[in-house]
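Below is one structure; the comments refer to it alone.
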Amino acid sequence: MKKKDLERVLAKIPPHPKPKLELEQYTTPPHVASRLLWIATVTYEDLPGELVLDLGAGTGRLGLGAALLGSTRVVLVDVDREALKLALKSARGLGVDAKIDAVCCDVRKLVLSREAVCVLQNPPFGVHRRGADVEFLRSALRLSRVVYSIHKISAVDYVSQICEEWGAKTLMLFEETIRLPPTMPHHERREHKVKIAVLRAARTGGHYRAAGF
Ligand code: SAH
């Protein structure tokens, strides 16, 4: 599969029909999702993987993309059952449903019997619930050594520093300006632009130093 084909397929995975303000449900734009997945595959060879997690999976663009790229098993995790149902429907449509599991739970509570090869996540930016982005990173680095994560550009220095304190090295892979549709009641304009950065965080030692684990 070529990168452009991947982007085209991901664009057909529908966004959440009724996004909820408190969960910051924004769908990852297909060009950002495909570029992230491409770098994970070609540059770092983290994908395809035996066990890949998509945390805050929503309707599944990142996780289904990982499955399309040949990952053996992909677990989608989200608190929103409706979003996961849509993701599973898309997985069936794309013929990758045999590789996909969906777990409806809070990422902070997820426990797995083995470490994932990598985590992919477009977490809440922490605008509605402060610190949600950092909590996602903490969970991700607990569940896997390697994490691909999308953040507001203004948060990059802060999250990189926190990752470092937890024993993980962070690299900014690329930046983008994305246009978000007025999916939330507080959006007055038709669209607003947000600068985002895609990061790769990798634990350097075997030991995970985040407080609480
Ligand atoms: N990754 C998706 C959606 C990103 S929006 C996509 O690419 O389209 C962030 C997602 O995180 C939402 O679907 C929201 O329901 C989910 N979410 C927010 N807080 C969560 C939590 N504590 N545990 C699990 N999922 C959560």
Side-chain angles (χ1 to χ4, degrees), residues 13-28 33 36 49 51-67 71 73-91 97 99-152 155 158-160 162-163 165-168 170 180 183-186 196 198-203 208-213:
I13 296 174
H16 199 294
K18 284 181 257 137
K20 295 176 197 74
L21 172 66
E22 67 277 15
L23 294 176
E24 294 191 47
Q25 290 176 321
Y26 297 117
T27 306
T28 312
L36 181 159
L51 175 63
V52 176
L53 300 180
D54 181 352
L55 299 185
T59 56
R61 280 190 178 161
L62 292 173
L64 299 191
S71 297
R73 182 135 301 275
V74 180
V75 181
L76 311 177
V77 183
D78 205 291
V79 276
D80 187 339
R81 187 176 294 270
E82 196 183 348
L84 290 175
K85 275 191 186 163
L86 272 174
L88 290 176
K89 191 172 167 204
S90 294
D97 48 314
K99 300 170 161 209
I100 304 285
D101 285 310
V103 178
C104 189
C105 80
D106 189 319
V107 292
R108 291 170 290 187
K109 302 206 172 125
L110 182 69
V111 179
L112 293 178
S113 58
R114 63 183 169 124
E115 208 170 77
V117 169
C118 71
V119 165
L120 311 171
Q121 61 177 15
N122 181 9
F125 291 146
V127 173
H128 186 78
R129 195 165 58 80
R130 268 181 77 93
D133 50 349
V134 173
E135 281 171 6
F136 260 72
L137 270 173
R138 180 207 286 267
S139 301
L141 284 167
R142 175 172 58 81
L143 296 161
S144 177
R145 196 170 292 271
V146 177
V147 178
Y148 290 83
S149 192
I150 305 178
H151 294 271
K152 263 188 135 161
Y158 177 65
V159 300
S160 301
I162 291 217
C163 283
E165 282 168 22
W166 292 342
T170 312
L180 296 177
T183 44
M184 304 296 170
H186 67 274
I196 54 121
V198 177
L199 307 180
R200 180 181 185 271
R203 268 194 269 142
Y208 181 47
R209 296 206 296 262
F213 292 100

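With a 4.5 Å cut-off on side-chain heavy atoms, Val52 and Val75 do not count as touching. Counting heavy atoms from C-beta on, the side chains of Thr170 and Val159 never come closer than 4.5 Å. Within the 4.5 Å cutoff, the side chain of Phe136 has heavy atoms near those of the Pro124 side chain. Looking at Glu115 and Arg203, their side chains come closer than 4.5 Å, going by heavy atoms from C-beta outward. A heavy-atom distance below 4.5 Å is found between the side chains of Leu36 and Leu120. Taking the side chain as every heavy atom from C-beta outward, Lys20 and Glu82 approach each other to under 4.5 Å. Side chains of Val146 and Val117 form no contact here, defined as non-hydrogen atoms less than 4.5 Å apart. Taking the side chain as every heavy atom from C-beta outward, Ser139 and Val77 never approach each other to under 4.5 Å.
In this structure, CZ in Arg200 is found 8.5 Å from SG in Cys118, a value given to the nearest 0.5 Å. Rounded to the nearest 0.5 Å, atoms CG (Asn122) and OG1 (Thr28) are 3.5 Å apart. Separating the SG atom in Cys105 from the CG atom in Leu110 is a distance of 4.5 Å, to the nearest 0.5 Å.
Using a 4.0 Å cut-off between a side-chain N of Lys or Arg and a carboxylate O of Asp or Glu, Arg129 and Glu135 qualify as a salt bridge.
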Item to check | Intermediate values then yes/no, side chain to side chain contact (heavy atoms under 4.5 Å, CB included), Leu143 and Val111 | outcome: CA-CA 8 Å; Leu143 296 161; Val111 179; over 6 Å; no
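The minimum heavy-atom distance linking Phe125 with Asp133 is given by the pair O-OD2, 3.5 Å. Nearest heavy-atom pair across Cys104 and Val79 is SG-O, 3.5 Å. Among all heavy-atom pairs drawn from Thr27 and Pro15, the shortest one is OG1-CB, 3.1 Å. Of all the heavy atoms in His151 and Pro123, the pair that sits closest is CE1-CG, 4.2 Å. A pairwise comparison of heavy atoms in His16 and Lys18 identifies ND1-N, 3.0 Å as the closest pair. The minimum heavy-atom distance between Ala87 and Leu64, with the atom names listed, is O-CD1, 3.7 Å.
With respect to Gln25, the side chain to side chain donor-acceptor pair (under 3.5 Å) criterion is satisfied by exactly one of Thr59, Asp80, Asp78: Asp80. For the salt bridge (Lys or Arg N to Asp or Glu O under 4.0 Å) with Arg73, the qualifying choice from Asp97, Asp101, Asp54 is Asp101, the only one to do so. With respect to Gln121, the side-chain contact (heavy atoms from CB on, under 4.5 Å) criterion is satisfied by exactly one of Leu137, Leu53, Leu62: Leu137.
Judged by distance alone, with hydrogens and angles left aside, the side-chain atoms of Lys99 form no donor-acceptor pair with the main-chain N or O of Val74 at under 3.5 Å.
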